[in-house]
Amino acid sequence: MLTAKQKELLLYIHERIKESGVSPSFDEMKEALDLASKSGIHRLITALEERGFLRRLPHRARALEVLKLPDSAAPSAPPKGRNAFRPSIVTEGRSSGVPILGQIAAGVPIEALQHEVGRVSAPEDLLSNGDHFALEVKGDSMIQAGILDGDVVIIRRTETAESGDIVVALIDGEEATLKRLRKRGNSIALEAANPAYETRIFGPDRVRIQGKLVAMIRRYA
């Protein structure tokens, strides 16, 4: 049985995904439920996961799947029928090209890896080696690595990277940034390529690698 807050959050997530195709941000959930901090949202989501109502999708920020609604024993696979409940998840189409999953910050971290907003062409030999996605860069912290505001970067999905690789790093499970990875003992440093930005250092439990930069596309017009 769900608490009132758990039920309220689950229904809010379900309605937002139905309306926009993407789950709400932690800030939006916090405001909708009138909670003082995002830690309360984390606890509610964990509780809903443990009870089988919700699932976090791997490798994606802001990616939640509603498996069933309160007082419903509906399975995760959708039952037949026009009005039957369907899991609230957006699946990528099979059209050609690499899916663009929104924006990523090369500067102050912003939420990223949201949902497909378009597609971009990429060489076939590149795409044959693993799963890829694209992101539009916002910010100037990687300019000395040749990555400018407005560039589109092609990322190969991986959870591992070597020190020195430019990666998409997910911080505290909700903010993503494009930075150069440096391993410093038991710590992880996310290093900018612009002297105006400081290197940020985190414990290994706070950073998860989402992918590694393999190519970049720049439009001049």
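No hydrogens, no waters, no symmetry mates; every other heavy atom, side chains included, goes into these values.
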Heavy-atom pair with the smallest gap, counting every atom of [X] and [Y]:
{"X": "Leu69", "Y": "Phe53", "value": "O-CE2, 3.6 Å"}
{"X": "Ser23", "Y": "Leu64", "value": "OG-N, 3.7 Å"}
{"X": "Ala189", "Y": "Ile201", "value": "CB-CG1, 4.1 Å"}
{"X": "Lys38", "Y": "Phe26", "value": "CD-CB, 3.5 Å"}
{"X": "Lys5", "Y": "Leu35", "value": "CE-CD2, 4.3 Å"}
{"X": "Pro204", "Y": "Ile188", "value": "CA-CD1, 4.0 Å"}

Neighbour count above 12 (heavy atom, 6.0 Å) for Asn186 CG: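 Result for CG/Asn186: open.
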Any sub-3.5 Å donor-acceptor pair from [X]'s side-chain atoms to [Y]'s backbone N or O?
{"X": "Asp165", "Y": "Val167", "result": "no"}
{"X": "Arg180", "Y": "Gly164", "result": "yes"}
{"X": "Ser141", "Y": "Ala192", "result": "no"}

Working to the nearest 0.5 Å, report the span between [atom1] of [X] and [atom2] of [Y].
{"X": "Gln210", "Y": "Thr158", "atom1": "CD", "atom2": "OG1", "answer": "10.5 Å"}
{"X": "His42", "Y": "Ser37", "atom1": "NE2", "atom2": "OG", "answer": "9.0 Å"}
{"X": "Ile41", "Y": "Ser25", "atom1": "CD1", "atom2": "OG", "answer": "9.5 Å"}
{"X": "Thr46", "Y": "Arg51", "atom1": "OG1", "atom2": "CZ", "answer": "10.5 Å"}
{"X": "Lys68", "Y": "Leu48", "atom1": "NZ", "atom2": "CG", "answer": "11.0 Å"}
{"X": "Lys212", "Y": "Arg157", "atom1": "NZ", "atom2": "CZ", "answer": "15.5 Å"}

Run the numbers on Val137 and Met142 for side-chain contact (heavy atoms from CB on, under 4.5 Å), then give the verdict. CA-CA 10 Å; Val137 174; Met142 298 302 289; over 6 Å; no
Sub-4.5 Å side-chain heavy-atom contact between [X] and [Y]:
{"X": "Ile217", "Y": "Val120", "value": "yes"}
{"X": "Leu54", "Y": "Leu9", "value": "no"}
{"X": "Glu28", "Y": "Arg16", "value": "yes"}
{"X": "Ile45", "Y": "Met29", "value": "yes"}

Start with the C-alpha distance between Arg184 and Thr199, add both sets of side-chain angles, then the distance that settles side-chain contact (heavy atoms from CB on, under 4.5 Å), and finish with yes or no. CA-CA 12 Å; Arg184 299 183 178 180; Thr199 296; 4.2 Å; yes
Quick one: list whatever passes salt bridge (charged side-chain N to carboxylate O under 4.0 Å, His left out) with Glu191, sequence neighbours left out. Arg182
Do Leu190 and Ile171 pass the side-chain contact (heavy atoms from CB on, under 4.5 Å) test, and can you show the C-alpha distance, the side-chain angles, and the key distance before you say yes or no? CA-CA 10 Å; Leu190 299 179; Ile171 303 169; 3.9 Å; yes
Could you go through residues 145-155 and list every donor-acceptor pair under 3.5 Å that involves a side-chain atom there, pairing it with any protein atom two or more places apart or in another chain?
unit_1 : atom_1 : unit_2 : atom_2 : d
Asp149 : OD1    : Gly139 : N      : 2.7
Asp151 : OD1    : Arg218 : NE     : 2.8
Asp151 : OD2    : Leu148 : N      : 2.7
Asp151 : OD2    : Arg218 : NE     : 3.3
Asp151 : OD2    : Arg218 : NH2    : 2.8

With hydrophobic residues grouped by side-chain heavy-atom distances under 4.5 Å, do Ile143 and Leu213 end up in a single group?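 Result: no, two separate clusters.
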